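Residue numbering restarts at 1 for every chain, and letters A, B, ... go by the order of the sequence lines. Keep in mind the model is a prediction, meaning the values are calculated, not measured.
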Amino acid sequence: MIDVRLLRSDLESVRARMTRRGKPDLLAQIDDAVALDARLRSLAVERDDLRRRVNDLSKQVGQLRREGRAADADAAMADSRRLGDEEKSLAATTAETEEQLRQVLLRIPNLISDEAPDGNSDADNPVVRVHGFDPSSIADHQRVPHWETGVALGILDNERAAKISGAMFSMLRGAGATMSRALCQLALDRNADAFEEIRPPTLVTSATLTSTGQLPKFADDAYSIERDDLWCIPTAEVPLTSISAGEILDEAELPRRFMAYSPCYRRESGSAGRDTRGLLRGHEFDKVEILAYAAPEQGRALLDEFVARAAGTIEALGLPYRVVAICAGDLGQSHHLSFDIEVFAPGADRWLEVSSVSWFSDYQARRADIRFRRAGQKGTEHVHTLNGSALAVPRVLAAILEYYRQPDGSVLVPEALRPYMRGITVIGPR
RNA sequence: GGAAGGAUGCCCGAGUGGCCGAAGGGACACGCCUCGAAAGCGUGCGAGGUUCUUGCCUCCGUGGGUUCAAAUCCCACUCCUUCCGCCA
């Protein structure tokens, strides 16, 4: 949620920054918010004044009673009752306006960073840097899509996954399942120096899903369990962000860092049939997420650190990758500034997004009400939140099955994964 | 799933209709004292909104209700604890 006060103090700058997202109807939403806010404030002033008078009269009633002036007390009581009725109807109007404003505000996206490049869609995202990518070094035996290799080696069985759960679910077997787990282990171990490991719940309440920005706007993208009013998390970002919801932290404990392995559930409602072969996109996948609560001034540097950590793990796996800056028009609703890491998959012959690292400024913290107190100062501020995939398993696994494929059709296990592979160094046909 | 008890400020804890935004203690901060510290003493110490300051409004798990007036009474819900049942 953006700060309403910004709409009052610096409306033009808000409008200018929203314009960069390239969504014309946003400006109308902002106008709605401004109007509702103005209305709310005048209503609140009026309501508070009535309350003050009711409170005063009520106190007088008690006072007069104690002094034995029953007639005066009755008169004050009558006055108070009359004002109270007025207050009640005004309070109802105010509450209604408040809720309207909240609903509008929940749908207004975050202010984007000046640093985010211009652009309308992912096609405009500039490549920031490329590592280890040399198309001329890629041999024919690597140009086999992982869904073929995976089936040939008996480690990927999407047919049976579909039998069990329907389309867009996948099942790994044998060394494939082991490698999936190994990738999680690797990502967790590489970040254990700075992050507390969490095993969060993966079913969450509506309030939790609202804090990170998935609700109310993107309800169709998440699985819901209506009978119990719970939602399946689309990413561990959701529970991790809400760990300190409603809490006030000390400046000294910032940045506060968490990491978590979790399954992630996505309905992928808009993308059925697109890029769904093999392990490219599924309703359920494993991911290791890293996240931090930070003081505002720590945000930018942490974003770089998160990108470096995610890229470092890909590098340790020996995979070619590039870092892409997300342009203004492609930035998600909650995002302030984001970078994606993409791995080149020679068999699928394309770059796969394997990590998205984002800085949310105070947008999520305001929704989740996560604040901190600066040492020696009165009052509180909202923290900034950042998060990123330390490693998204299926796509990295896909890239490995292609990049590490050998002329005889087997797949070499990357050096970095071997400690977690029970001695398997090569995945051959069964 | 059934039964009972509970939820108050950073923590503990008092408060059963008005004088309670909330006693008392602890923790914390500052000052005094001290060579320094501990102990002692004094002062301060929740959050949000609105406001030039003063002030005013809101918040005692959440949401409703009763009342001139609610932390306090009523209803519903959530969570915690204990017991029973069930269960990986």
Close N/O contacts between protein and nucleotides 46-54 of chain B (under 3.5 Å):
residue	atom	partner	partner atom	Å
A47(B)	OP1	Arg373(A)	NH1	2.5
A47(B)	O3'	Arg371(A)	NH1	3.1
A47(B)	O2'	Arg371(A)	NH1	3.1
G48(B)	OP1	Thr380(A)	N	3.4
G48(B)	OP1	Thr380(A)	OG1	2.2
G49(B)	OP1	Arg5(A)	NH1	2.8
G49(B)	OP1	Arg5(A)	NH2	3.3
U50(B)	OP1	Arg8(A)	NH2	2.2

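- Between Thr380(A) and Arg373(A), the side chains place no donor N or O within less than 3.5 Å of an acceptor N or O (distance only, hydrogens not considered).
- G24(B) and G15(B) are spaced 15 Å apart, taking the P atom of each and rounding to whole Å.
- For the C1' atoms, the distance linking A4(B) with G85(B) amounts to 15 Å, nearest Å.
- In this structure, the CD atom of Glu87(A) is 14 Å from the C1' atom of C56(B), given to the nearest Å.
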With 3.5 Å as the limit, what N/O pairs link the protein to nucleotides 74-77 of chain B?
none

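- We find that CZ of Arg47(A) is positioned 12 Å from P of C57(B), with the value rounded to whole Å.
- Distance, Asp56(A) CG to C19(B) P: 13 Å, rounded to whole Å.
- For the pair Arg371(A) and Asp369(A), the salt-bridge criterion is met [side-chain N within less than 4.0 Å of a carboxylate O].
- Of the C1' atoms belonging to C77(B) and A7(B), the separation is 14 Å, rounded to the nearest Å.
- Remark: Arg52(A) does not engage Glu46(A) in a salt bridge, criterion side-chain N to carboxylate O under 4.0 Å.
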Can you give me the dot-bracket string for RNA chain B, 5' to 3', counting Watson-Crick and G-U wobble pairs with both distances under 3.5 Å, using [ ] for crossing pairs and | for partners on another strand? ((((((((.[[[..)..(.....]]].((((.........)))).(((((....))))).[[[[[..)....]]]]])))))))....

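- When the C1' atom is compared between U34(B) and A39(B), the two are found 11 Å apart, to the nearest whole Å.
- The same atom, P, is picked in G5(B) and in G44(B); the two are 41 Å apart, to the nearest Å.
- In the set C56(B), U58(B), C19(B), the nucleotide with an atom closest to the side chain of Arg66(A) is C19(B).
- Under the 3.5 Å distance criterion, with hydrogens and angles disregarded, a donor-acceptor pair is assigned to the side chains of Thr205(A) and Thr208(A).
- Heavy atoms from other residues, nucleotides or ligands lying under 6.0 Å from NZ of Lys217(A) number more than 12.
- Residues that satisfy the ring pair (Phe, Tyr, Trp, His ring centres under 6.0 Å) test with Phe258(A), not counting sequence neighbours, are Tyr293(A).
- Classification of Asp250(A) and Arg256(A) as a salt-bridged pair fails, no side-chain N sitting under 4.0 Å from a carboxylate O.
- For Ser355(A) and Asp340(A), the side-chain atoms include no donor-acceptor pair closer than 3.5 Å.
- Per the geometry, CD belonging to Gln63(A) stands 12 Å off P belonging to C20(B), to the nearest Å.
- When the ring pair (Phe, Tyr, Trp, His ring centres under 6.0 Å) test is applied to Phe372(A), no partner is found at least two apart in sequence or on another chain.
- Rounded to a whole angstrom, the distance from the P atom of C68(B) to that of U78(B) is 32 Å.
- Rounded to the nearest Å, the gap between the P atom of A71(B) and that of G9(B) is 14 Å.
- For the side-chain contact (heavy atoms from CB on, under 4.5 Å) test with Trp231(A), the passing option among Thr210(A), Leu215(A), Thr202(A) is Leu215(A); the others fail.
- The same atom, C1', is picked in C19(B) and in C35(B); the two are 50 Å apart, to the nearest Å.
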Pairs under 3.5 Å (N/O, protein and nucleotides 64-70 of chain B):
residue	atom	partner	partner atom	Å
C68(B)	OP1	Arg81(A)	NE	3.1
C68(B)	OP1	Arg81(A)	NH2	2.8
C68(B)	O4'	Met77(A)	O	3.3
C68(B)	O2'	Ser58(A)	OG	3.1
C68(B)	O2'	Ser80(A)	OG	2.1
A69(B)	O4'	Ser58(A)	OG	3.1

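- Ion pair Glu268(A)/Arg266(A) not flagged as a salt bridge, since none of the NZ, NE, NH1 or NH2 atoms sits closer than 4.0 Å to an Asp/Glu carboxylate oxygen.
- A salt bridge is defined here as a Lys NZ or Arg NE, NH1 or NH2 lying under 4.0 Å from an Asp or Glu carboxylate O, and Asp85(A) with Lys88(A) fails to meet this definition.
- At distances below 3.5 Å, at least one donor-acceptor pair connects side-chain atoms of Arg21(A) with backbone N or O atoms of Asn110(A).
- For the residue pair Lys287(A) / Ser262(A), no side-chain donor-acceptor distance below 3.5 Å is found, with atom types taken as modelled.
- Computed from coordinates, the Arg51(A) CZ to C57(B) C1' distance equals 7 Å when rounded to whole Å.
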